[in-house]
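These values consider heavy atoms only, across backbone and side chains, with no hydrogens, waters or symmetry-generated copies.
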Amino acid sequence: MRERIKNHNSASSPLPSRNSVTGNLITTRDTIMAAAVEDKKQQQIEVAGGQQQQDGGASVSLGKGAWDCDTNTEIPPEKEAYVFEEIATMDHPFEGIPTVPRRKDMDHMAFFCGGCRYRVTAYPDWTAQQVKEALFKGGIARSNKPEEVRNTPGIQKWEDIELIYAGQKMANDKTLETYHVPPGCKCLIAIEGKKLELGKPDKDSAYWN
């Protein structure tokens, strides 16, 4: 009996070591992660390519990108965190974790419109009309979707823009500070006024899915 057990054990393949199993798991995990990253990159390339074909290579895709209205140029993705002061530092750490410090740029505000951030020089003592004119001059009309998928005329002039802060729609002759907008605010909304009047999303919105 002992001889048979001995022969059986010697004929069986040796069990893999713990290190080899761990190594295989790590390799598999890394392969999956690398494939996921590559797939994500490919999706971004396809989305960007489709957007360029759709808009003549000029627009910023939905949910991505930022635009500098002072220079009427795109803010490169790799510079967004720096421009909008979103880089975490150890100036005010929380339990040893870096945090984003208070903003220092009080000369610019940021407006979200159509999934893109629009950076523009603006101050609390400016009227809403002044800010709308600066946004329009700086290129916010590029947020317009193609006519076949939108159900509004689009932003054609500064009067077509509505500004919103904390749920408040701003009157053209009122200053931003009237609505308690702080200097350097980066969480405002700019939207085509007709969209608010219509009260329903564009034809290509996920709302209809």
Side-chain angles (χ1 to χ4, degrees), residues 37-92 98-146 149-150 154-158 160-166 170 176 179 181-193 195 202 204-206:
V37 170
E38 189 61 31
D39 184 58
K40 184 66 175 178
K41 288 181 178 178
Q42 185 60 35
Q43 290 179 11
Q44 292 175 344
I45 291 173
E46 291 174 357
V47 169
Q51 190 70 27
Q52 287 182 350
Q53 291 179 359
Q54 185 179 35
D55 300 327
S59 187
V60 178
S61 59
L62 180 63
K64 301 174 185 176
W67 192 261
D68 190 333
C69 290
D70 292 347
T71 60
N72 207 343
T73 57
E74 182 180 4
I75 298 173
E78 65 274 13
K79 293 184 179 181
E80 277 190 53
Y82 173 77
V83 170
F84 291 101
E85 301 178 298
E86 297 170 337
I87 299 175
T89 70
M90 290 300 289
D91 292 347
H92 305 284
T99 62
V100 177
R102 293 181 179 180
R103 59 179 177 271
K104 298 176 181 177
D105 179 9
M106 300 299 178
D107 298 321
H108 297 89
M109 295 185 182
F111 291 80
F112 286 86
C113 182
C116 178
R117 283 191 287 186
Y118 290 84
R119 179 178 184 261
V120 64
T121 296
Y123 301 94
D125 61 353
W126 281 22
T127 64
Q129 176 177 336
Q130 286 177 282
V131 179
K132 291 178 183 182
E133 290 175 346
L135 288 169
F136 184 74
K137 183 179 179 180
I140 198 170
R142 67 193 301 105
S143 64
N144 292 337
K145 292 182 179 181
V149 297
R150 70 177 188 240
I155 297 175
Q156 307 298 333
K157 54 188 183 299
W158 71 262
D160 296 331
I161 304 171
E162 292 290 353
L163 304 181
I164 299 174
Y165 176 72
M170 305 182 200
L176 271 61
Y179 301 93
V181 177
C185 185
K186 302 296 190 293
C187 57
L188 298 115
I189 293 175
I191 186 172
E192 181 189 352
K195 289 182 179 292
D202 289 321
D204 64 341
S205 172

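- Across Ala110 and Phe84, no two heavy atoms sit closer than the pair CB-CE2, 3.7 Å.
- Proximity of a side-chain donor or acceptor of Asn72 to a complementary backbone N or O of Cys69 within less than 3.5 Å is not detected.
- Side-chain N or O atoms of Gln130 include one that pairs as donor or acceptor with a backbone N or O of Thr127 at under 3.5 Å.
- The side-chain heavy atoms of Ile155 and Phe136, taken from C-beta on, include a pair separated by under 4.5 Å.
- With contacts defined as side-chain heavy-atom distances shorter than 4.5 Å, the pair Tyr123/Asp107 qualifies.
- With a 4.5 Å cut-off on side-chain heavy atoms, Lys104 and Glu85 count as touching.
- Between the side chains of His108 and Asp68, no donor N or O sits under 3.5 Å from an acceptor N or O.
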- Item | CA sep, side-chain torsions, deciding dist, call: Ile140, Ile161, side chain to side chain contact (heavy atoms under 4.5 Å, CB included) | CA-CA 9 Å; Ile140 198 170; Ile161 304 171; 3.7 Å; yes
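- At a threshold of 4.5 Å between non-hydrogen side-chain atoms, the residues Trp158 and Leu135 do not count as touching.
- Pairing each heavy atom of Phe112 with each of Cys187, the nearest pair is CE1-CA, 4.4 Å.
- With rounding to the nearest 0.5 angstrom, the CD atom of Glu80 is 8.0 Å from the CD atom of Glu74.
- Here the side chain of Trp67 pairs a donor or acceptor atom with the backbone of Gly138 at under 3.5 angstrom.
- Between the Asp91 side chain and the Pro101 main chain, no donor and acceptor come within less than 3.5 Å of each other.
- By the 4.5 Å heavy-atom criterion applied to side chains, Leu188 and Met170 are counted as neighbours.
- At least one side-chain heavy atom of Ile191 sits under 4.5 Å from a side-chain heavy atom of Ile164.
- Within the 4.5 Å cutoff, the side chain of Val131 has heavy atoms near those of the Leu176 side chain.
- Atom NZ of Lys186 and atom CZ of Arg103 lie 6.0 Å apart (nearest 0.5 Å).
- In this structure, Arg117 fails the cation-pi test against Phe111, since its NZ or CZ atom is not both closer than 6.0 Å to the six-membered ring centre and inside 45 degrees of the ring normal.
- Not a single donor-acceptor pair under 3.5 Å links the side chain of Lys145 to the backbone N or O of Ser143.
- With a 4.5 Å cut-off on side-chain heavy atoms, Pro124 and Met109 count as touching.
- Nearest heavy atoms, Gly193 versus Glu162: CA-CG, 3.5 Å.
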- side chain to side chain contact (heavy atoms under 4.5 Å, CB included) between Lys132 and Leu163, worked out: CA-CA 8 Å; Lys132 291 178 183 182; Leu163 304 181; 3.9 Å; yes
